[in-house]
Amino acid sequence: MSIAKTYNPKEAEDKWYSYWMENGFFRSTPDEREPYTIVMPPPNVTGVLHMGHMLNNTIQDVLIRRARMQGKNACWVPGTDHASIATEAKVVNMLKEQGIDKKSLTREDFLKYAWEWKEKYGGIILKQLEKLGASCDWERTKFTMDPDLSEAVIDTFIRFYKEGYIYRGVRMVNWDPLGKTALSDEEVIRKEVNQKLYYIRYKIKDSDEYIIIATTRPETIMADAAVCINPNDERFTHLKGKTVIVPLVNREIPIIQDEYVDMEFGTGCLKVTPAHDLNDYELGQKHNLEIIDLLNDDGTLNENAQILVGEDRFIARKKIAKLLEEVDQIEKIEDYKSQVGFSERTDAAIEPKLSMQWWCKMEELSKPALQYVEDGTIKLIPEKFFASYKHWMENVKDWCISRQLWWGQRIPAWYNEKNEWVVAKTEEDARKEFEALGKTVSTIRQEDDVLDTWFSSGLWPMSVFDGVRNPENEDFKYYYPTNDLVTAPEILFFWIARMIIMGHDYTQLPPFKNVYLTGIVRDKLGRKMSKSLGNSPDPIELMEQYGTDGVRVGMLLSSPAGNDLMFDVSYCEQGRNFANKIWNAFRLVKGWETTDAPATEAQKTAAVWFENRFNQAVAEIDEHFANYRLSDALMATYKLIWDDFCAWYLELIKPAYQMPIEAEALETVKALFQKVLALAHPFMPFLTEELYHDEIFGERTAKDCIIVTEYPKVIPFDEQITKEFATVQQIISEVRNVRNSKGMSPKTALPLAINASDIDFKKHQESIIKLANISELTFVQEKVTGALSFLAGKSECYVQLAAENIDVEAEKERITKEIEYLKGFLISVDKKLSNERFVQNAKPEIIDNERNKKADAETKITILQESLSNLGL
RNA sequence: GGAGAAUUAGCUCAGCUGGUUCAGAGCAUCUGCCUUACAAGCAGAGGGUCACUGGUUCGAAUCCAGUAUUCUCCACCA
């Protein structure tokens, strides 16, 4: 036999992936079948895929493959996301490394580089997904900046604008001085940072007195508009109505009063800098203060600062502190920890900044989106995420949707020479708009504003089917709403909430029914896998090493929904071993010669049992899938194959060495083998397809592939068969144990007697028991003396050994121990039963159960005690 | 500061509405085996006061309260 001893994944993977593609098995077009749709969360084109993507897409592939096999019209739409700021930051960096400054480029030139980047990395990503075995409909591959998707984005902007959800206004925004763009609240990551708290003396005008103010940001003092105290603060009553002098620039500012100020914190005095702090801004509005913006877009000081103009804000901070020290206006400096916002993408410290931006009103829009999840129209899996979803939805603020970038969909606003503006899809429309408003326009222009990436990905489930531009098209009507969305909990607000909001606004429907939230892939130490830590294995390398199927199994084995996954390569090893196990089971069957004979009694019994066990497992697996417990579904499959199929069924029907197998038994095992493979296919697509096509299973037509073969259906099974067989398994196990404990070789045949007075297994199972290398099997009506005994169910079994092999003392001890345990057990049962309150309160079936336990234990004790006394003979 | 979750074997996790699936699984460990599909394997074995303290109950890993530890999300205190 020339078949390899271990499974070699490489060959099978390349072969079958292209075969599936060539035969269009991933393709989906609307037909009369029930659709099953998943849209892939589009990975960013910022780089290559990491383990989190791999897990995510493996889950999606398992779901889609299973649905496909179940006869549904399975459609998995792949794609990538342009990831506006993230990609632009990467491209800018890449250019910088080549010595090119973004500023030196025109918009068009820059976009050319960006598109090149997208082609390169988008391509790598799609290749990685192929390697993973992802069975998506590649002909539907979309990119969030494809012309049709971009048009959908622009249409939506205009729609929302007309509906009154989008407006333009000057607000405090999160400004990223590195990306030089505004950010939404969600794109700001707060981190605790060690800072200094500077206590600065402000001189009170016409007085020798100073007032001391604590701040972490001395570089902003030149923009101070007031000093604020709490009106209830008695320490400062005498200062009411006075003014103070801002140090260094000697500007006079008022002392105002507001209860906002916390008397306990710092010195109880607050400097108010409306241009550079959200709270100060609000205070400034309230008290009508001057707004002095002293920062440029890139975080350097502008001429409003008067001093240190052009200096970076962090350098300026130190220098200001020094200057203040020189004029003796620093009281003290303390170490201080506080939360500072950082840009999610560029990691620059965020600057609160007043800026004209586009905003999306969220309050109205978010209501139906909350409703869907609240009433179960959309199910979050696991449910625990509902609480934070609800909280976010109920407290959502307006969404800043404009970004000062080039890479993205341009905001369709047009400006005339007077800076008046209209919203319109094209320049032509814009001119008409202006005309209609009676405004002159000679030159018309757009600004460098693009839309937040999440504005476009929010449309994803609709736009991939062209449902925004053309809601009546066949694809959209057929595939939408989609079924399952598989993604990370981190983007619950970024993405999921916005898809629901936008989907509802367009269609009055939820965009999907179930949201499966996967965990974060962490390393063994519990750290999130990241490039910077270098603790993330390269997924491609892993697949090379363990096989794609092995890696898929490895990832799924340890990832219950919503829980983080402590990833370790040992899981992949387990996956590889499992693939190998199936491979070798196949080798065994393939190696059998046949003889034209009917199956033996034992083979028939084993087959009946396994088929029943199989059906039982299918039901369990189905249940697990219904609850999105994929790791449990996989484990059930794993155990069915490894324990039941290989360790029991195949061992039981196996002919003696180099003997042929009965043809009938072989046919049965082949049929069952194929069913088992079908069950495993969603998890291990390549191995199962490879084996499915082996000649031992007969000729296959070109389209007869496991990927589209029928997935095992849930059919009734007989629990009694499983139970009876369990007794047989126990007997075989015990006999092995006897050999093991006596140091005998498995080849030693032993005689076995079973006390059939209380037989709870069928006689036809005799044939199975004999397979445990039993020299003589007898059924007796009474005790057998001078033998090792054990209980299987309620039947006592005896293995007759030569006297020297029986250690009477050890046997006595063993049996005594068992009796003691049973007696203790009996006492606890008796205690319950003699407790009046128990008998009164417990449900009747519970009481019955206790009575049965009691009877059982008593019987066993009797049997064991007899054995004990027999030992003495 | 607020909210949520978790804590069960060495590791990763199951244990639904309290009572034989109640103390489980996989991996790892240990002991035998290179037995003729597979040492990436086979046959066995050991291993847990169910974080802690109370409460409810005839009965608690399971329900309640508190404590401790850990994690996640949200939040503008200078």
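Lettering follows sequence order; numbering is per chain, from 1. Note that this is a predicted model, so its numbers are computed, not measured.
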* Would a distance-only check, ignoring hydrogens and angles, find a side-chain to backbone donor-acceptor pair under 3.5 Å from A/Asp694 to A/Ile696? ->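 Yes, the answer is positive, given that a donor and an acceptor are paired below the 3.5 Å cut-off.
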* Donor-acceptor pair, side chain of A/His276 and main chain of A/Leu294, under 3.5 angstrom ->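 Such a contact is found between A/His276 side chain and A/Leu294 backbone.
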* Asked: Are A/Arg190 and A/Val340 side-chain neighbours, meaning at least one heavy-atom pair lies under 4.5 Å?
  ->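 Side chain of A/Arg190 against side chain of A/Val340, heavy atoms only: no contact under 4.5 Å found.
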* To do: Taking the side chain as every heavy atom from C-beta outward, state whether A/Met172 and A/Pro352 have any atom pair closer than 4.5 Å.
  =>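 A side-chain contact exists here, since the closest heavy-atom pair is under 4.5 Å.
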* Convert the base pairs of RNA chain B into dot-bracket notation, remembering that pairs crossing earlier ones are written with [ ] and that bases paired across to another strand are shown as |; include only Watson-Crick or G-U pairs under 3.5 Å. => (((((((..((((.....[....)))).(((((.......))))).....(((((..]....))))))))))))....
Could you list, one pair per line, each protein nitrogen or oxygen that sits under 3.5 Å from a nitrogen or oxygen of nucleotides 17-25 of chain B, together with the distance?
residue: B/A25; atom: O2'; partner: A/Lys639; partner atom: NZ; Å: 3.0

Contact list (N/O, under 3.5 angstrom) for nucleotides 27-33 of chain B vs protein:
residue: B/C27; atom: OP1; partner: A/Tyr638; partner atom: OH; Å: 3.3

Classify the side chain of [X] and the base of [N] as holding, or not holding, a donor-acceptor pair under 3.5 Å.
| X | N | value |
| --- | --- | --- |
| A/Glu651 | B/A37 | yes |
| A/Asn279 | B/C76 | yes |
| A/Lys5 | B/C38 | no |

* To do: Check whether any side-chain nitrogen or oxygen of A/Asn737 sits under 4.0 Å from OP1 or OP2 of B/A45, and answer yes or no.
  =>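 Yes, such a contact exists.
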Counting the atoms with a prime plus P, OP1 and OP2 as sugar-phosphate, which does [X] contact under 4.0 Å by heavy atoms, base, sugar-phosphate, or nothing?
| X | value |
| --- | --- |
| A/Gln339 | base |
| A/Lys397 | sugar-phosphate |
| A/Tyr260 | base |
| A/Arg736 | sugar-phosphate |

* Asked: Residues two or more places apart in sequence or in another chain: which of them pass ring pair (Phe, Tyr, Trp, His ring centres under 6.0 Å) with A/Trp399?
  ->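 Partners of A/Trp399 under the ring pair (Phe, Tyr, Trp, His ring centres under 6.0 Å) test: A/Phe455.
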* Using a cut-off of strictly less than 4.0 Å between a heavy atom of the residue and any atom of RNA chain B, enumerate the qualifying residues of residues 182-194 of chain A by number. =>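 Under 4.0 Å from RNA chain B: A/Arg190.
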* Syn or anti: how is B/U21 classified when any glycosidic angle within 90° of 0 counts as syn? ->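 Here B/U21 takes the syn form, which means its glycosidic angle is within 90° of 0.
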* Regarding A/Thr273 and A/Asp224, is there a side-chain donor-to-acceptor distance under 3.5 Å anywhere? ->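 Yes - a donor-acceptor pair under 3.5 Å links their side chains.
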* With distance as the sole criterion, is a donor-acceptor pair present between the side chains of A/Glu724 and A/Thr727 under 3.5 Å? ->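 Note: A/Glu724 and A/Thr727 side chains miss the donor-acceptor criterion.
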* Asked: Separation of A/Phe342 atom CZ from B/A75 atom C1', in whole Å?
  ->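 So the two atoms are 17 Å apart, to the nearest Å.
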* Kindly indicate whether a cation-pi arrangement holds for A/Arg613 with A/Trp642, taking the cut-offs as under 6.0 Å to the six-membered ring centre and within 45° of the axis. =>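 No, a cation-pi geometry is absent between A/Arg613 and A/Trp642.
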* Quick one: side-chain contact (heavy atoms from CB on, under 4.5 Å) partners of A/Asn852, sequence neighbours excluded? ->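 Residues passing side-chain contact (heavy atoms from CB on, under 4.5 Å) with A/Asn852: none at all.
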